[in-house]
Amino acid sequence: MSNFYVTTPIYYVNDLPHVGHIYSTVVCDTMARFHRFRGDDVYFLTGTDEHGQKIQRAAAQQGVTPIQLADRVVERYVELWDQLGMTHDDLIRTSQERHHRAVQEMVRRIDAKGDFYVARHEGWYCSGCEAFYTDKELTEEKHCPVHERPAEWEAEENVFFRLSKYQEALLAWYDQDPSPVQPRSRRNEVRAFVEGGLRDLSVSRTKVDWGVSFPGHEGHTVYVWLDALTNYISALGFGSDDTSLFEKFWRSEEPDDQRIHLIGKDILRFHAVYWPAFLLSAGLPLPTSVVAHGWWLVDEKKMSKSVGNVARPDHLVEEFGADALRLFLLRDMVFGQDASFSDEAFVDRFNSDLANGLGNTLSRLVTLSRRAFDGQTPPVGTEWDGALRQFAEQCAGDYLSAMEESAFHRALEALWRLLGETNQFLVRNEPWKKLKNVEERDQVACVLASGLEAVRIVASALLPVMPSTAPKVLEGLGAPTVGNESSLAWGGLPLGAELPESPSLFPRIDKKKYFAAAEKQAEASSAPPPARKSDPDATRAEDSPQIDISQFAEVDLRVADVKAAECVPKSKKLLRLTLDLDGVERTVVAGIQQQYAPEDLVGGQVVIVANLKPAKLMGIESQGMVLAASVDGAAVALRPEKRVPSGTRVR
RNA sequence: GGCGGUGUAGCUCAGUUGGUUAGAGCGAACGGCUCAUAACCGUUAGGUCAUGGGUUCAAGUCCCGUCACCGCCA
């Protein structure tokens, strides 16, 4: 038995929870449950990242305090994790006092090591990124390359961390075998970055009040990443009076103990470069692995079509249960890679794996056994089928090794291979033809017991993945509803046990009906599709400050005909549109190239803000702005339901 | 521009240290069966393994070039 510590990223409270957050947390929860299943001592942490200028500003805009804003979003996370059956041991919030203390302790340790110095720093600053940019990195208009809004020239006297000092130590760390940075392609990426030379890192801010105050530097707060990363140990009591968890899950040096940070690939650098450097400086152990997973992508094109993405993940949960979503997320993504999220894929997976696979196999076995053995599993003394047993042992072994490698898709594949084999086994033996034949009773018992046993093993292995329905399957088999690794061994099925009438655990989804209904609902509520990335627009409508009608009237919205459209060279996002506005030609640049091809728009109509000050984008003057719903950064253009004269006012 | 990755059946992906007719699941078609949730079982799907060249007795699997997409960096 070893200590197993696993963490999700801490989620920024600027953003409401979406598939990406759900996925990270589901993966960690599954890992945590799997390790408990194996008998490890597990600590599973999730949390929220609440500091920074972005939150400060968003709160000010909404007329609330930062902590009020954070509380509101955290509440949503708590509800969601509850709904999804997450078993985290703690949820750390960076606004908590225990966290502040730990961050300050971290700062003191790094300081004691002599790894801080003060320097004046001047440059283009983007508050969205909370980072400085060089001239070259900005766009021609001095806009932030990420947020595409103006960067501000700022000067600060900052505390710097001697990151460059740790270059060699980091490279040596990456080169351990197995590498602590997973998957391998990510390790290479990080290694290349570090090899290219590290610049010291500015780790204090004077423009941000909403943060951890920097010990010894009045008016400075700690850089958000130094602050945020420390959550992984602050939650364990680092810097507090009680460091028992910290000693056990972070400081222990047992070779089998693990400290795993599961992260999205976008925050790899912070976790694989900055965080280990901070820890090295502070004289603390490093994580044993930093595992980066891919993104769930939403296929925009399918979104409004008859089949595709019409429902949000939370609707899927409401309708089909958290376990179905958990299975889908783990089974349909090759771990580490990107995958596309569509509810068509979800429904297909549900029907083929849960309804037809697990549910139906359970159902046919239970019915047969109840009929043959008077409502019970086959009698005590029944022999097992050797071939099926061997097959099951092979699959269970594959499952275990795949789970250890976080290869969830392969682990699940192994279980469904066993279900497939079980169905073939039944057809080969045709027990239903032998029910009435007394002479063949032993053989029927052997076949049914072995079939039930195979399903029992599958259900036991599913406990970490489908924590609320796997026990129901086990219950349906008359087997114990809890389990550990030894439950995967052949022969655990109670013989001669009462077998409840099989309930339909996973009723097949009628795909046509489902999509017809879902589409109607989507139209009615115009539910936004699942979000993917953090998005400043993802705040709730009721959070926006109110304006009066005259303010609205200042905005001149007009319908315009699209005469021509072309991609802006060298831009991934921008389209140059030539519009006709009541006979007057206008050029408008719109950031919708990823969702619309030029030919999708030409001949149609769009709504524009007609009295917007012209602005140059990629060297083209844009005389207006196309209105579009921003769904997590992806544009859905607003277009009149029917054609109206060009220049018609919108109000 | 530099570095790295990917490109295999309609879809999602496996393909070990190069070796007989390139695989799985899903979807589709046909047949079978009837215990079961219109399920289940069997058969079929004829894919230039992105592309051009090279090494080899033999290459999806190694080498070089090209194209496309993606990631990191500049």
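Note that this is a predicted model, so its numbers are computed, not measured. Values below: every heavy atom of this structure, side chains too, minus hydrogens, waters and symmetry copies.
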By the 4.0 Å heavy-atom rule, please label [X] as base, sugar-phosphate, or nothing.
X      : result
A:A355 : base
A:S185 : nothing
A:G359 : base
A:R428 : nothing
A:N423 : sugar-phosphate
A:R371 : sugar-phosphate

Can you identify which nucleotide, out of [options], has its nearest atom closest to the [X] side chain?
X      : options             : answer
A:K433 : B:C41, B:U37, B:U34 : B:U34
A:S363 : B:U37, B:U34, B:C40 : B:U37
A:W432 : B:G42, B:U34, B:U37 : B:U34

For the [atom1] atoms, the ones on [N] and on [M], what distance do you get once it is rounded to whole angstrom?
N     : M     : atom1 : result
B:C13 : B:G47 : C1'   : 14 Å
B:C69 : B:A74 : P     : 23 Å
B:G5  : B:C62 : P     : 12 Å
B:U51 : B:A45 : C1'   : 26 Å
B:C35 : B:U44 : P     : 28 Å
B:G10 : B:G19 : C1'   : 31 Å
B:G27 : B:C63 : P     : 38 Å
B:U12 : B:G7  : P     : 12 Å

Does atom CD of A:E405 have more than 12 heavy-atom neighbours, drawn from other residues, nucleotides or ligands, at distances under 6.0 Å?
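Atom CD in A:E405 is packed in, count exceeds 12.
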Base-pair map of RNA chain B as dot-bracket, where | denotes pairing with a different strand and pairs are Watson-Crick or G-U under 3.5 Å
(((((((..((((.....[...)))).(((((.......))))).....(((((..]....)))))))))))).
So which of A:V273, A:L171, A:V181, A:L170 actually passes side chain to side chain contact (heavy atoms under 4.5 Å, CB included) with A:R191?
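Exactly one pass, corresponding to A:L171.
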When rounded to the nearest 0.5 angstrom, what is the spacing between CD1 in A:I509 and OH in A:Y514?
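Between atom CD1 of A:I509 and atom OH of A:Y514 there are 7.0 Å.
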If you find the nucleotide of RNA chain B closest to A:L419 and the one closest to A:F193, which residue's nucleotide is nearer the 5' end?
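Between the two, 5'-proximity favours A:L419.
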Which residue lies more 5' along RNA chain B, comparing A:E189 with A:F506 via nearest heavy atoms:
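The residue whose closest nucleotide sits nearer the 5' end is A:F506.
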Whole-Å gap separating [atom2] ([N]) and [atom1] ([X]):
X      : N     : atom1 : atom2 : value
A:K265 : B:G4  : NZ    : P     : 19 Å
A:F350 : B:U37 : CZ    : C1'   : 10 Å
A:R364 : B:C35 : CZ    : P     : 10 Å
A:L452 : B:C35 : CG    : C1'   : 12 Å
A:F328 : B:U12 : CZ    : P     : 12 Å
A:N188 : B:C70 : CG    : P     : 20 Å
A:L354 : B:U37 : CG    : P     : 16 Å
A:R370 : B:C35 : CZ    : C1'   : 14 Å

Would you say the side-chain atoms of [X] and [Y] include a donor-acceptor pair closer than 3.5 Å?
X      : Y      : value
A:H261 : A:W275 : yes
A:N360 : A:R508 : no
A:T469 : A:D323 : yes

Parallel, tilted or perpendicular: rings of A:H271 and A:W225 (30°, 60°):
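Ring orientation, 0 to 90° scale: perpendicular.
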Considering residues at least two apart in sequence or located in another chain, which fulfil the salt bridge (charged side-chain N to carboxylate O under 4.0 Å, His left out) criterion with A:D374?
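Partners of A:D374 under the salt bridge (charged side-chain N to carboxylate O under 4.0 Å, His left out) test: none.
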Check A:E393 with A:R389, please: is the shortest side-chain N to carboxylate O separation under 4.0 Å?
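Salt bridge present between A:R389 and A:E393.
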